[in-house]
Undergrad: 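Pasting a structure here, questions to come.
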Amino acid sequence: MPQILVEELSKTYRVAERDPGLGGAVRGLFARRWRTIEALKGVSFSLEQGELLGFIGPNGAGKSTTIKILSGILEPTAGRCEVDGLTPWTSRVRHVARIGVVFGQRTQLWWDLPVIEGFDLLRDIYRVPQADYVRTRDELTALLRIEGLLRQPVRQLSLGQRMRCEIAAAMLHSPPLLFLDEPTIGLDAPSKLAVREFVQRLNRERGVTVILTTHDMHDIEALAQRVIVIGKGAILADGPFTDLREGVLAERRLMADFTGEAPALELPGVRTIARQGRALELAFDPKAIAAADLIARIAADHPLADVRVEEPPIEEVIARFYDLHGAGEG
Amino acid sequence: MAAAAPALLRPYLAVFAGRFLQMLQYRAAAIAGFATQCWWGATKIMIYAAFYATAPQAAGALSLPQVITYTWLAQALLVLAPWNGDPDVALAVRTGAVSFDRVRPVDAYAWRYAAAAAWITARAVPRAALMFALAGVALPLLGLGAWSWQAPADLSAAALFVPSLALAVALSSAFVMLINVCVVATLTDRGINTLMMPLAIIFTGNLLPLQLFPDWARTALFLQPFAGVFDIPFRIYFGQLAGASAALGLALQLGWTAVLAAAGWLWLQRVMRRLQVQGG
């Protein structure tokens, strides 16, 4: 039986609307106009213990709404959801005792208290026995390299330092399931790497199931074995990232530097992306022409200085995917 | 210490202790509050003195020394007046951190109630201690005993004042929780705080002792919920409520606390169910 089972989950809410200007404001005082927004329209998936799932999608697509329903914060309008046999919004207290949650844009530590006191408070909230708490806390602080920060008030930490503390805070009660909602948002490169490395170890070494949302495709590339793409409240794709790439943008890129000026090439199944000075960038379909053949044909006529074959950048793949499905923000 | 507490209560005791220690950090706020409360207290006492000098019949309800003591007590315990919500709640609503209230394995109402009680107590203790040192100790030593904070009527009044004061904190916390839930429901603390300010100042007896109101209003004023914050404990302090009437006072405090807490709990359940967390 899967650890998480989601069936036909949907969530709608109403937002008040009014016309601009004074007239609209006055009318709004007497008659509110409401617009119904469908944040989720029948989302279904399941997840096994120990999986690492990445949720991606444009802003407003429904990623965070899904996470908030799964973590018991929001109640859906319709649909079924079970996490380890519990329905999050009906068995909220029992459910949330077994999950860890990190929101990249919010903090659960107390702003004015030293980090360690926030941790102690979480120990009591989750009723963790003292010996277990000390062991887990020391492991987490060592792994996330935050020993030096524990006595500082949270408000004096940098964003990267704070996020590492937030992640430790979410794991103090050793939950088997961790939700990360945009954990790397706004972080610098070393902090992002530290967060990714830690999440990977949690998942691989301790079998913690992780559900992650992000806009940083490198998070997805580094972490997620499985990706769900969500757009306008519906699931557009669900599978390994490589499958997504194949389906959307199977092309490869050939970067060639020539000893002389780069030639203009006309080859079947090959498209020129850029030609400048001695450098040429081509896109080709590996099914139509193998990389080795393409290089051989170019080299036969033009002296090559250097050549590299790359996959298109992951951002481009995703942007193309959103375009194909009309999932862009709107 | 926390480990010895019953497991059920552990999170709530922890948040009480945490919030208490956090609030004690704000020394400048305590000193500024104390200075303002001294100023207001002295001003009110001078007004009462002038009033009593020209209208001696007013002393029927409270003598001048009693009304002076009343004023010092009310100034010392001013933060018990439930006229605004816990600023932490307003901040959590603005930043969206209120979602974390849903992912903690605790009763969200009890959790915030414990925090509100600590928020009130931690501000009251240093202010009351300073006020007592000034009005109860320094003034008599300076030969201004007539203007000082005087002792309770007798030992039994003192003994009953302690639970009554504790109930005042419990009642005030229940009021603050109603304000907090309103903040979560309306997403702002402006409206409700503006509305509560005059209600809390007048009906607790902070502006004017409820016993100095006209006779026809007094029964209603005694029975309404705000009276339990200042009026009832202070009447017990002066020995005006003793024996059976003191028991009635305590019962009123306890009853209103239970009613307001139940209302707040139910309201929070409703609000949380239709909570919408935008963005992020």
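Keep in mind it's a predicted model, so treat the numbers as computed, not measured. A note on names: the letters A, B, ... follow the listed sequences, proteins ahead of strands, and every chain is numbered from 1. Side chains are part of it too, since the values below use all heavy atoms of this structure and drop only hydrogens, waters and symmetry mates.
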Undergrad: Of all the heavy-atom pairs spanning B/F100 and A/V101, show the shortest one and how long it is.
TA: CE2-O, 4.0 Å

Undergrad: Can you tell which of A/L122, A/I67, A/V128 has the highest number of heavy-atom pairs within less than 4.5 Å of chain B?
TA: A/V128

Undergrad: Taking C-beta and beyond as the side chain, do A/W110 and B/V15 meet within less than 4.5 Å on heavy atoms?
TA: yes

Undergrad: Between B/D88 and chain A, with a heavy-atom cut-off of 4.5 Å, which part of the residue counts as in contact: side chain, backbone, both or neither?
TA: neither

Undergrad: Which heavy atom of B/A7 sits nearest to which heavy atom of A/R127, and what is that distance?
TA: O-NE, 2.7 Å

Undergrad: Just so I understand: if I count every heavy-atom pair under 4.5 Å between each of B/L91, B/T95, B/V103 and chain A, which residue has the most?
TA: B/V103

Undergrad: Tell me whether the count of non-hydrogen atoms from other residues, nucleotides or ligands lying under 6.0 Å of OH in A/Y133 goes above 12.
TA: yes

Undergrad: Give, as side chain, backbone, both or neither, the part of A/Q108 having an atom under 4.5 angstrom from any heavy atom of chain B.
TA: both

Undergrad: Within this structure, what is the CZ-CZ distance for the pair B/R10 and A/R123, rounded to the nearest 0.5 Å?
TA: 6.0 Å

Undergrad: Please list all pairs passing the salt bridge (charged side-chain N to carboxylate O under 4.0 Å, His left out) test where one or both residues lie in residues 85-100 of chain A, with sequence neighbours left out.
TA: A/D84-A/R98

Undergrad: Quickly, which of A/V93, A/I125, A/V96 forms a side chain to side chain contact (heavy atoms under 4.5 Å, CB included) with B/R104? Name it, please.
TA: A/I125

Undergrad: Let me confirm one number: the CZ-OG distance from A/R106 to B/S99, rounded to the nearest 0.5 Å.
TA: 4.5 Å

Undergrad: Applying a criterion of heavy atom separation less than 4.5 Å, what residues of residues 20-38 of chain B form contacts with chain A?
TA: B/Q22, B/Q25, B/Y26

